**Student:** 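Handing you a structure now.
Just so you know, these numbers come straight off a predicted model, no measurement behind them. Per chain, numbering begins at 1; letters A, B, ... match sequence-line order.
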Amino acid sequence: MQHTFLTENLESPYLFGKLQGVPAPCQTPLLLRYLGPVSAGFPSPAQGYEDEPLDLNELLIQHPAATFFFRVRGDSLKDEGIRDGSLLIVDRSRKPCPGLIVVADWNGEREVCRMPLFLDGGESLVVWGVVTAVITRLRP
Amino acid sequence: MIALVDANSFYASVEQVFDPDAAGRPVVVLSNNDGCVVAASRDAKALGLEMFKPYFQIKHLLEGQQVRIFSSNYTLYDDMSRRLTDIYRSHAEAVEVYSIDECFLSLGGLSPCEYMAWGRELRRQANQWTGIPVGVGIAPSKTLAKLANHMSKRDPMPDHPPGVCLLSSAELVDAALGRVELGDLWGVARGTIRRLARLGITTPRELRDADPHRVREHCGVVGQRIVYELRGEPCSELETATPDRKNVCVSRSFSSTVADLDELSEAVATFAAQAAVKLRRQDLAAGSVATFVQTDRHAPAHVEQYANSAAVCFTVASFDTRELTKAALLCLERVYRSQHRYKKAGVLLGGLEKRERVQPGLFDRRDHAASHRLMSVIDQVNREHGAGRIRLARASAFQLRPCRTWHMRSDNRSPRYTTRWDELPIAVARTQP
């Protein structure tokens with residue numbers, strides 16, 4: 001089975017011609033339009049091997065209903081790969097355990113931190129959710 | 001069996017999930033335009049404020065009480081509601097979304113002990129996953145499930161864990177009915193109570209034991225259904241499919257009153273454009289447009305009140321902002337009276353049908369395909385660059401001119417934490433515990 005594509009101008013030649021007073025040149029971006037399968041020529045050797053494109057949501061989010069995004073402010077966790085401006089993926093369905101990176105209310109402030117093994121007397125830490133991934137954009 | 005699951009003080013609870021400062025304090029959420037109280041956390045209710053009261057009437061109760069006041073943030077509430085519904089779906093055979101914070105769930109084949117365990121687990125999971133506390137009422141019919149849910153919050157039954165109530169046997173139902181008033185029952189309004197009183201029915205137990213046919217004669221089929229449902233015989237199935245929209249409405253109360261026709265036109269044109277966007281998002285077309293206006297109902301008694309509406313019908317249903325706006329403004333001119341000051345206006349699109357299935361007109365020579373392409377491009381630009389970026393000259397854009405008097409007031413709206421990349425909640429990486 002063959003797949004047929006038709007290339008067409010992204011901008012309408014009519015509009016272009018009218019505005020410029022000249023026929024539309026062909027340097028405008030081309031758009032590929034899939035017209036559906038055509039039964040002609042050689043069948044694709046990939047037939048039967050097709051896969052869905054990779055989806056980051058599938059990789060990073062197990063429980064969509066329990067997953068929230070946070071923005072990081074501050075650089076104190078940069079050794080963990082968490083930088084100022086990083087995006088945290090927080091899964092509230094995960095059980096918080098000491099040693100995990102969590103978002104927690106820590107003395108009245110919502111912070112991202114590594115969950116401690118012990119707390120000093122008088123301190124309180126209420127875990128909001130467990131951080132399961134960090135997305136950091138690399139800027140040149 | 002049917003379970004009714006609802007969120008406790010839903011809007012207030014959502015605000016407390018995201019705002020650590022609000023978590024330990026009383027929270028009040030105000031309606032559109034900061035007019036009335038639409039939600040309050042339990043400790044805020046304890047201050048004695050009543051729901052749906054105008055804010056200015058209860059303001060004095062809140063002073064000096066460390067209360068956090070929020071404008072309503074429906075984008076956020078809707079997203080949290082969707083998350084809760086997703087969780088419910090994984091626990092039930094079918095789910096009917098009854099309102100933004102209530103769902104009916106159907107389930108079957110469990111023992112009373114297992115139903116209780118099921119309710120507890122659902123409650124635990126909903127709370128852990130979303131941070132929202134929910135209550136669960138389980139019973140053989142919707143009316144009883146609603147009653148069970150009421151009991152789980154207000155008046156826990158003996159031997160029940162908090163937040164879950166199971167009315168699985170006739171004895172339990174009887175005990176529960178003995179602890180509520182007629183008015184606490186689902187579907188029993190004040191008029192029904194009056195009519196029932198004429199039949200000598202004054203308590204929920206008497207209603208359950210009443211002759212259904214006699215109740216039907218006085219209270220209609222709805223009353224008869226309540227009798228059967230109280231006996232544990234379900235009369236209505238879960239409505240799992242969302243019905244097609246019957247109309248699209250955009251209306252606002254103005255932050256201060258408006259008398260000027262030009263200013264009112266600008267508001268109505270903007271509402272029409274917003275309604276048109278809602279319409280096209282579902283690929284619908286409208287057969288009619290109505291515009292309504294209203295004076296301030298809370299104005300002093302000597303101010304004359306006025307409310308009116310007018311509608312026009314199209315020969316061919318329309319989805320085009322230009323036509324809808326024109327029609328809405330035509331209606332406005334018909335109802336506008338210059339001697340009044342208006343507090344509220346709105347645009348209602350009715351006669352909705354699918355765009356592809358619109359009956360064409362014999363003498364209609366407009367190019368609907370071209371109109372559809374234009375509207376699609378405008379919608380796309382406005383989606384990417386902010387609502388109102390491309391608009392008719394009659395309409396105003398909220399973002400560009402927020403100073404207009406008719407612009408909605410929402411001074412204390414929280415960020416849309418879950419649906420906007422630029423409004424995400426912040427986690428501070430500072431000192432290490």
**Student:** So does A/L117 have more than 12 non-hydrogen atoms from other groups sitting under 6.0 Å from CG?
**Tutor:**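 Yes, because the 6.0 Å sphere around CG of A/L117 holds more than 12 heavy atoms from other groups.
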**Student:** Measure distances from B/T418 to the heavy atoms of chain A and classify the residue's part below 4.5 Å as side chain, backbone, both or neither.
**Tutor:**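 Answer is side chain: those atoms of B/T418 sit under 4.5 Å from chain A.
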**Student:** Does B/Q16 have any side-chain hydrogen bond (donor to acceptor under 3.5 Å, both in side chains) partners at least two apart in sequence or in another chain, and if so, which?
**Tutor:**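 For B/Q16, no residue satisfies side-chain hydrogen bond (donor to acceptor under 3.5 Å, both in side chains) once neighbours in sequence are set aside.
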**Student:** Hey, which of B/T130, B/T85, B/I87 has the most heavy atom pairs under 4.5 Å with chain A?
**Tutor:**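 Among the listed options, the one with the most contacts to chain A is B/T130.
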**Student:** Could you work out, with salt bridge (charged side-chain N to carboxylate O under 4.0 Å, His left out) as the rule, every residue matching A/D75, not counting sequence neighbours?
**Tutor:**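 Here no residue qualifies.
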**Student:** Check whether A/R73 reaches the backbone of B/R430 with its side chain - one donor and one acceptor, N or O, closer than 3.5 Å.
**Tutor:** no
**Student:** When you look at CZ of B/R124, are more than 12 heavy atoms from neighbouring residues, nucleotides or ligands closer to it than 6.0 Å?
**Tutor:** yes
**Student:** Select one option (side chain, backbone, both, neither) describing which atoms of A/V103 are under 4.5 Å from chain B's heavy atoms.
**Tutor:** side chain
**Student:** If the contact rule is any heavy atom under 4.5 Å from chain B, which residues of residues 61-69 of chain A qualify, in numerical order?
**Tutor:** A/H63, A/P64, A/A65, A/A66, A/T67, A/F68, A/F69
**Student:** Which residue in the set A/E111, A/R110, A/R71 passes side chain to side chain contact (heavy atoms under 4.5 Å, CB included) when paired with B/I426?
**Tutor:** A/R71
**Student:** Is there a donor-acceptor pair under 3.5 Å between the side chain of A/W128 and the backbone N or O of B/V17?
**Tutor:** yes
**Student:** Of all the residues in residues 83-93 of chain A, which have a heavy atom that comes within less than 4.5 Å of a heavy atom in chain B?
**Tutor:** A/L87, A/L88, A/R92, A/S93
**Student:** With only heavy atoms counted, which part of B/N127 is less than 4.5 Å from chain A, the side chain, the backbone, both or neither?
**Tutor:**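 Contact with chain A involves the backbone of B/N127 alone.
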